Visitor: 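The structure under discussion is supplied below as structure tokens; questions concerning it will follow.
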Amino acid sequence: GCSGTPGTGSTDDGDGSLTVGIVSYDTTTLAAKAETDAAKSAMEAEGWEVVTQDPKGDAAQANTICTQFITRQVDVIVISVFDTTQMAQCMTGAASASIPVFYLAGSLQDGVAGAISTTVAPPINEYMIDQIKDLPKLKILAMTLQPGAPCRAREADLDEKLEAAGLSDKIEKHEVVVPGQVTDAQNATAAWLQANPESEGSDLVIWACFADPAMGAYAALQQAGRQVPIYTWDFSAQVVEPLRNGSLAAVLAIDSAGEGAQIVQLIKDHQAGGEPQEVDAATTVVTPDNLDEFLADHPEFAS
Amino acid sequence: MIDAAQPTPLISARGLTKSFGAVRALRGVGLDILPGQVHGLVGANGAGKSTFLNMLAGVVTPDGGELLVDGRPTVVSSPRHAADLGFAFIYQELALVPEFSAIDNMTIGVRPTTFLGLGDARRRKAIAREVAARLDLRFPLDKPVRDLSIAERGLVAIGRALVGDARFVSMDEPTASLSDVECERLFDIVRELTASGVAVAYVSHRLDEIEELCDAVTVFKDGQVVASHERGGYTRDDLVLGITGARDVRETVESPDAPVSRDAEVVLSVRGLARGPRVHDVSFDLRRGEILGLAGVVGAGRTETLRLIFGAERPVVGEMTLGGAPYRPRSVADAIGRGVALVPEERRSQALVMDESVLVNTKMGGWRSARAVSWLPFVADGRARATARTMVERLGIKTGSINSAVRTLSGGNQQKVVFARWLSRDVGIMLLDEPTRGVDVGARRQIWATAEEFAAAGGAVVVVCSELEELAVCHRVVVMVEGRTVGEIAGPGVTEADMLEAIYTQERTSS
Amino acid sequence: MTLTESPQASPELPTRSLAARIGRRTAAILGRYGALIALGVLLVIFSFASPYFLTIPNLLQVLNQSALGAIVAGGLTLVLASGQFDLSIGYMASLAGIIVTILMLQGVPIPVAIVIALLAGVIVGVVNGFLVTVLQVNALVATLGTGSALIGVNYFISGGTPQPVSTQFPEFLQIAIGSWLGIPKPVFYMAGALLILWIVLNKTDFGRNLRATGGNVEAAKLAGVRTGGVTTAAFVIAALFASITGVLLASSIGSGQPTGGDNYTLSSFAAAFLGSTVLREGQFHIVGTLVGVVTVAVGFNGLALVGVPSFVQFLFQGILLIAAVAFSSIGRRLSRE
Amino acid sequence: MTLTESPQASPELPTRSLAARIGRRTAAILGRYGALIALGVLLVIFSFASPYFLTIPNLLQVLNQSALGAIVAGGLTLVLASGQFDLSIGYMASLAGIIVTILMLQGVPIPVAIVIALLAGVIVGVVNGFLVTVLQVNALVATLGTGSALIGVNYFISGGTPQPVSTQFPEFLQIAIGSWLGIPKPVFYMAGALLILWIVLNKTDFGRNLRATGGNVEAAKLAGVRTGGVTTAAFVIAALFASITGVLLASSIGSGQPTGGDNYTLSSFAAAFLGSTVLREGQFHIVGTLVGVVTVAVGFNGLALVGVPSFVQFLFQGILLIAAVAFSSIGRRLSRE
Ligand SMILES: Nc1ncnc2c1ncn2[C@@H]1O[C@H](COP(=O)(O)OP(=O)(O)OP(=O)(O)O)[C@@H](O)[C@H]1O
Ligand SMILES: Nc1ncnc2c1ncn2[C@@H]1O[C@H](COP(=O)(O)OP(=O)(O)OP(=O)(O)O)[C@@H](O)[C@H]1O
Ligand SMILES: [Mg+2]
Ligand SMILES: [Mg+2]
């Protein structure tokens, strides 16, 4: 949703008030939604006017929305998840209209005024490898998603770290299908569990580059009555129970509220004439052990 | 006018009117249908006969006027309502479900007697078999009807009207797709029905059927009733006058004056043609200037033979020559390119795009010839319009303009549009499949005249017509029985009796 | 009258060679049983390719995996058999999943929440039926429209986020997760749903009227079938079964997903079309649809077991669909010649 | 012989009331111009709702936004006019986008890469045409199948990842990004493409044959139209224009996306069906399709300017589609009575 009042001018009245257009990614993707929501409320707290549009994960649509923001002469454009290689029309238009473009969950590339990186691959990958490196009959099922930039970076980091740990031959990959990622992951996991029956006594581990396939895998495990540790990203209310009962071994919590403050700061710095910069989002690796502590610190997740 | 001695009418119409947009299909129709009588309805194409019957069927609702059933004012609201009133219908357009068997088609409307109709199948089968026995149906009743011939499908449609105990049976051109044997069988059934007190409405363009069968005849013209007759109280001329409004229309077909010379060039020669279950061995020669008839009963393989010559199907066995050169059309376009044309059996589904204009239907398939510059793909519409106008004039097609949709034309005029298509292109041989089916007496005469003119101008015609007496136009008739040509009858002056004798002698020996 | 012999009528019958007749028979078999043969071939291949494939647990898993898809596709089969289309069923499944979970989260008792979710689906079905039969909008357009509108509705009522219920309502998860007699529960639901649909379509008066409507709507109407009512009923039944699937899906993944069921539209069409080549000639029927769903599920499962990349599944599904339908159409034509 | 007066034949003309005639006229207008009226109403509403709407840059933006969709939908219109369907066009657009970018990244000169990408589309079009006309597979199934297979192919050749070309090939971006005479380049491409398609469909003998085929394929064939060839050509043309769109899309977003064009399938169908209600009675035509695309784009743009949540756009598109088609169907019926 959006509270942009129709007809209110975008004219930059003085230095305080800005109009920001946010190109969100896909509101059904939890992490992306949390980020844009946080960014929006942080900006509105500054008294800025915020317009959000959802391209439902479609890059062409994202460019159209961005171009519309340019037509509407917003002061700042914020893009979630998409990266510059998918936003050429947007970047060209913004450049010629001198509108700065910021990336949420992206990286600092040519023409970008500032970016918050949420790829944050290492914490989970390192934690997982630490946990599994000594397992004798290790088998990893990795759920990947090539079209998503964060997922690609997480997978690349994992490949690199497994290589370093000499575990490259233990991994089997499944590219999840979007949309329908939850059921797809569920079916893939179920088949993988069949291929690795309990009787063989393998040490199974599931890695999912974002939360949805992890939830699908979790559903498959429940159906099969098996227990396999799952490592993934994007902490949210739906992972609390699986974490508590140990089905999820570790979930990376990205401090999306913090991201809101970060993006506001990036924009302010830029307005003040600062150089483009990339900052990492603050993160916590949540495991069954520190779950209660984490929830106490972040009451917004306790349902 | 109603005679006091007559029983009360089952159905009385009073001043019924109906318009379809600008077309005024009925303008005040009144008539009475009595129980135990066959009531004939005649009239030119588009006179409103079917529209009237469709009102009884609940398919069309009247704009004005009144309908009395058993003396009570009634608005038939739906086909279901009509069934509840005890009315049964044989529609002009075959209304069957192609995937359903004959049994299922005949019993679609039969109400279930059990909960949700569970376990009702046996009863349906019994009902259908009984009707099949009455009609003497000789084809499998459990095959999907799409695998049946058009004539067999017609019999299924008739069978459906006999399922259940109707008080009134409407038959809209039931014999259009039947041959004489089946017709006789149908007439017997009609007589049985009326003997048991059922009322029958009977529409036909074949006036001798009307004379033979009907106790009362109502003549429609332009949506109005122009005459009513009792059995025996009229002559053929009275009917023709009522239908056409003119006295000079000859209803019977005239024979050509002389045979085509044996020396005339053979333009098409067919030898040992065979394909599939319907065509086994067909051979004949066609000469320039000749109208050659193909006679046979329904299912004899005539339609299929014409389709083979036209390249719509490829023969499995056999040879053909066209103008002396070997002829083996790879496609319809190929056949047309070599000057062969077909006027197909079912004009609505096989020849016309009903929603398109007369112009478009005339030029269909021939737009290439309307190119402004022969090597550029752009059409010159002016030229096409001129052609269409010429054809409308030459064939006397009755239409508002060349831009009217052919849907709005009467059956006979629609058929003339199909002729216009071929006459405006360069064809030497016309294959006519049932060219006068469902066409009124006036238009029928014009269609035969067109064919004669075409032949006289150096063309050649092969014609299939189930109304054997119309084959009198032919110079020569080839007789087909069960997919084989069994012989020929030299004309002119071939009579129906000649052909029937040839067909049945052969049938008896072959079976 | 003179009946002369027609010129050179060749006396002998045009006999067909034995080879041609065998070919024709083979074609006929391929046409009728092509899809079943494909399924059989897949079963054999995968049995050799993976030792885990031909095990009871895995075969049960295949059935389990087919179950929800088969229920939607079964409902869709009725709409297809009535000669119409429904492009909105996937979105209806999503809708039911969201409604049931949101209501539960708002304290509505589970059975009531389920009933309301199914009712919502039924309402959409009635709307589809109304558009198609009363307003006479082409079914493709009408359901493309309701489908698009439902995407909006689903976003609106869910706020775009999944509605997790696994923590608070473990008993809701029990509906779809778990087994009876060692057989996953969804398999029972599938069996029940398809049995009901089969009886409705094949053994009742309504089913015959439905098929008549699909075969020739004009003829059915003239024979006294209330084609409008029958068509609307088909849309409602499809909507109901799609909604049931949506609820089961929410139960099996533990949350209502705003786009969770969207994929069922295409997969059901694929299954139903694949199934229309089974045994009968191009007609939609329940057994065929089941075969279609299971064939696709076997393919997916087997490919996953063998460890083939997932895009291969799409290639597989596409080629399977084309091959089955093409075979059946060629077979039918050759066998007619 | 008795020539009797028919009983109570009412001689006077059945006159209609003036009100009824006006109602009928209104209905006829709504039926013919409903979609155009809807577009007009949208334009007026948004002009009042947002000061940015009725500005030259914004209207150009609306056209720009319509451009790529209009090119695909225009091609699809030919397939629809020939009486067939093509559910694979969106995936073809994706395919072309991936092929052109991958080839560029492998050092193939840009023009050659474009030609190869378009050729690939043409091949898919030929396959569709072959399946439908030679193997006689139902077009919905055939293109559902090729579409599904293309998803797999697109994943396969791209490895699932976007193929970024924006940095290395700025000249490629120049194809779709930027303006001539102040008008965005895609608008010119759209105008050119639709003009060509309009001429092909309306002014050539091929177009006439195509429409005859769509009107009654059996009759067209028996009139000498090579219906198979015509239908195949329609599929190929649609494929070509979808591929052109795919290349333009890749140029405008700066990368080849494995699923970048997938959405065009549904949006083109919506536009073409919406357009089929414009002016002509339920026929598919180029001008109508353009109106359909623009109407949806205006709605999308206006709603975004007003700042409505995005789910409303789906509701809007769905309801617009249903309303336009329903209006047109009701209007047509009423005006006929
Ligand atoms: N549903 C309809 N829509 C528009 N016009 C119609 C419709 N039904 C009939 N008409 C028109 O009404 C007129 C009467 O048609 P009707 O079918 O009753 O004639 P008919 O006497 O049965 O002719 P035929 O002998 O050719 O069957 C014709 O001009 C016909 O075109
Ligand atoms: N290839 C075909 N496609 C469609 N219909 C066909 C085809 N071949 C034959 N038919 C139909 O099958 C029926 C039987 O054709 P056939 O040539 O055997 O009979 P016929 O002698 O023309 O008899 P009639 O046409 O009176 O039934 C015809 O009604 C014809 O329309
Ligand atoms: Mg009639
Ligand atoms: Mg025939």
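None of these values were measured; they are calculated from a predicted model. A note on names: the letters A, B, ... follow the listed sequences, proteins ahead of strands, and every chain is numbered from 1. Values below: every heavy atom of this structure, side chains too, minus hydrogens, waters and symmetry copies.
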Visitor: What is the minimum heavy-atom distance between D:Ala219 and B:Leu352, and which atoms define it?
Guide: CB-N, 3.5 Å
Visitor: Taking atom NZ of D:Lys221 and atom CZ of B:Phe310, what is their separation to the nearest 0.5 Å?
Guide: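 CZ of B:Phe310 is found 11.5 Å from NZ of D:Lys221.
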Visitor: If I measure from the heavy atoms of chain D, does B:Ser331 come under 4.5 Å with its side chain, its backbone, both, or neither?
Guide: side chain
Visitor: Please evaluate residues B:Phe378 and D:Ile199 with respect to the criterion side-chain contact (heavy atoms from CB on, under 4.5 Å), reporting the C-alpha separation (whole Å), side-chain torsions for both, the decisive distance (0.1 Å), and the verdict.
Guide: CA-CA 9 Å; B:Phe378 307 108; D:Ile199 292 174; 3.4 Å; yes
Visitor: Within the side chain of D:Asn216, is there an N or O that forms a donor-acceptor pair under 3.5 Å with the backbone of B:Ala351?
Guide: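 No; zero donor-acceptor contacts below 3.5 Å.
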Visitor: Work out which heavy atom in B:Ala333 is nearest to a heavy atom in D:Gly224; give both atom names and the distance.
Guide: CB-O, 3.6 Å
Visitor: Working to the nearest 0.5 angstrom, can you tell me the gap between B:Arg368 CZ and D:Thr204 OG1?
Guide: 11.0 Å
Visitor: In Å, rounded to the nearest 0.5 Å, how long is the span from CD of B:Glu356 to CD of D:Gln283?
Guide: 5.5 Å
Visitor: Which atom pair, heavy atoms only, marks the closest approach of B:Val379 to D:Asp205?
Guide: CG1-N, 3.6 Å
Visitor: Please report the closest heavy-atom contact between D:Arg226 and B:Asp334, naming both atoms and the distance.
Guide: NH2-N, 4.4 Å
Visitor: Give the intermediate values and the outcome of salt bridge (Lys or Arg N to Asp or Glu O under 4.0 Å) for residues B:Arg347 and D:Glu218.
Guide: CA-CA 10 Å; B:Arg347 60 180 167 268; D:Glu218 179 68 10; over 6 Å; no
Visitor: Quick check on the structure: residues of residues 418-429 of chain B within a heavy-atom distance below 4.5 Å of chain D, by number.
Guide: B:Arg421, B:Trp422, B:Arg425
Visitor: At a 4.5 Å cut-off on heavy atoms, which part of B:Asp381 comes close to chain D: side chain, backbone, both, or neither?
Guide: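 B:Asp381 touches chain D through side-chain heavy atoms alone.
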Visitor: What are the two closest non-hydrogen atoms of D:Leu222 and B:Gln350, and how far apart are they?
Guide: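 Nearest heavy atoms, D:Leu222 then B:Gln350: CD1-O, 3.6 Å.
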